[in-house]
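Okay, structure first, notes after.
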Amino acid sequence: MANSSVIIIGSGISALTAAYQLSTEKNVIIITKSKMTNSNSIMAQGGIASSIGKDDSWRSHFNDTLTAGCYHNNENAVEILVKEGPHYLSELMNGGMRFDRDKEQNLLLGKEGAHSTRRILHAGGDATGRALVLHMLEKVKERVQIIEGLTAIDFVIQNQHCIGVKVKSQNNMIQDFFAENTILATGGCGGLYSFTSNDKTITGDGIAMGYRAGLVLSDLEFIQFHPTLLHKDGKSCGLVSEAVRGEGAILVDENKRPIMSGVHPLQDLAPRDVVARTLFHEILQGKKVFLDISMIDDFSHHFPTITKLCKENEIQIENGLIPVTPGAHFSMGGIKTDKRGRTSIPGLYAVGEVACTGVHGANRLASNSLLEGIVFGNIVANDILVDSQPIRLNSQPQNDTYNEQEHFLNLPSKAQIQMMMMENVGIVRNKERLQYAMEWFENFKREFEGISLSSLSIEQLELVNMITVGWLIAKSALMRTESRGGHFREDYPSEDNLNWRKKEIIQTKALENVVYS
Ligand code: SIN
């Protein structure tokens, strides 16, 4: 048994931001299932959107966020994000975080899809996430205990209050961690798809835990597919940032035909769902798709991470063409929280991609995700510092490390789940495919209903989480009989504002049925 004031599950930017703020007054423990540097945050290339340019305004950033989000956003949450963003970014810079600047020390602002102006702060060219996460790890390292290699199984709930989390170590020991407050910051679920920009550890664990605990889940059908993942030997091998198109690169086929020309007024910088779908159809017709980067001077200086990625995969950028394909990038939905990050269970917060504040609507605006982690990471921490009540445990929890016996289950492999999701719950969906996927997941779900998850191996636990979340996404996607943002149904190809505008699909275990709000 271990005790702390706050336990944080996950080690991305929202976890580190909250941990740093809280650690001034609280005893904070971070646990992560792999290494502390395994997160989507550290892999983020483009940067952080903020209206700090002299001709920019929060209102413009607000409008761009709503337009990209297809007006499905929670406008209060968006207003908080874009208004508070510049404040927390200056705090970060005052604390020593260095973003790229020109010779006169002005911040260099990049451009990305669906932004009406240059407003993307970046660091190390295209290594923004890495610079930011390493900066924050340095800040927290003396103040916060970070424990690697602990897989969260489920929350510990007493009297409808979250009092911590049950975890499994890599040598299969089970332990309860108790805390006054628990913060879930496990990221999204990109790893459910065979083509993804996400870290391999991102498998929807937090959403599955939330479902099992009876939390309210929202907007799960909205999955953002990034148009440009590096494509080699039929696989995706990492992200090629949208910032490359922001600097003038264009998408072409093998005959150098500009693919986005005439498709959307913003052409290559159209919202991601539009670009990803266009590429999907090109690829379906047997075409190859490339980013033509020949017009970008000194590419390797501006984009060192992408240059390295291409080199590792034997792509010659000197030829001016990078082969690309779309893949799962970001989940707009997740565990429903209020604007302070509180979930429906007292003592339990969710923040970052695992949470659904509604800030991203149906489709996240580029470079709003690190911003979300920074802004809402601070907000959650402040809420705990100001408002949290010490919890009273009914009795001293009886617990210590123990090792449960392993259980045999007939489950699909990770690759089978990823293929099922990519083919049937992917960029273009329809009723038959969604129904097929939902039933496929349902059959496997029966395998683990009613059994103690503590008895599963870490690999089985991850599969259980992936099956649960795949099933939930397919179910939500089947219910939404329209297309909007990251959810496209070829059998309902238009937005249906009459029936669906601002309607959320809510799922909870207790009700089992889907509820609209
Ligand atoms: C990118 O660099 O293209 C990704 C940035 C983001 O997802 O916001």
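Just follow the structure's listing: the first ligand is 1, and inside any ligand the first atom is 1.
Considering backbone and side-chain atoms together, Glu112 places no N or O closer than 3.5 Å to any N or O of ligand 1. Checking only distances, Gln45 never comes within under 3.5 Å of ligand 1, N or O to N or O. Considering backbone and side-chain N/O atoms, Val240 never comes within less than 3.5 Å of an N/O atom of ligand 1.
Ser367 N, 2.5 Å is the protein heavy atom nearest to atom 8 (O) of ligand 1. Here the heavy atom of the protein found nearest to atom 6 (C) of ligand 1 is Arg272 NH2, 3.2 Å. Regarding atom 7 (O) of ligand 1, its nearest protein heavy-atom neighbour is His329 NE2, 2.6 Å. For atom 2 (O) of ligand 1, the nearest non-hydrogen atom of the protein is Ser241 OG, 2.6 Å.
Relative to the ring axis of Tyr492, Arg489 does not place its NZ or CZ within 45° and under 6.0 Å from the centre.
Remark: ligand 1 atoms within the under-4.0 Å shell around heavy atoms of Glu242 are 1 (C), 2 (O), 3 (O). Those atoms of ligand 1 that come under 4.0 Å of a heavy atom in Ala366, given as number and element, are 8 (O). Those atoms of ligand 1 that come under 4.0 Å of a heavy atom in His226, given as number and element, are 1 (C), 3 (O), 4 (C).
Between Leu132 and Leu92, the shortest heavy-atom distance links the atoms CD1-CD1, 3.8 Å.
Panel note: side chain Asn74, backbone Val359; no donor-acceptor pair is recorded below 3.5 Å.
Within a 6.0 Å sphere centred on CZ of Arg98, heavy atoms belonging to other residues, nucleotides or ligands number 12 at most.
In this structure, Lys336 does not pair ionically with Asp219, as no charged nitrogen and carboxylate oxygen lie closer than 4.0 Å. The pair Asp268-Arg245 fails the salt-bridge criterion, with no side-chain N (NZ, NE, NH1 or NH2) lying under 4.0 Å from an Asp/Glu carboxylate O.
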- Query: Under the side chain to side chain contact (heavy atoms under 4.5 Å, CB included) criterion, do Val82 and Asn368 qualify, and how do the steps go?
  - Reply: CA-CA 9 Å; Val82 299; Asn368 266 357; 5.6 Å; no
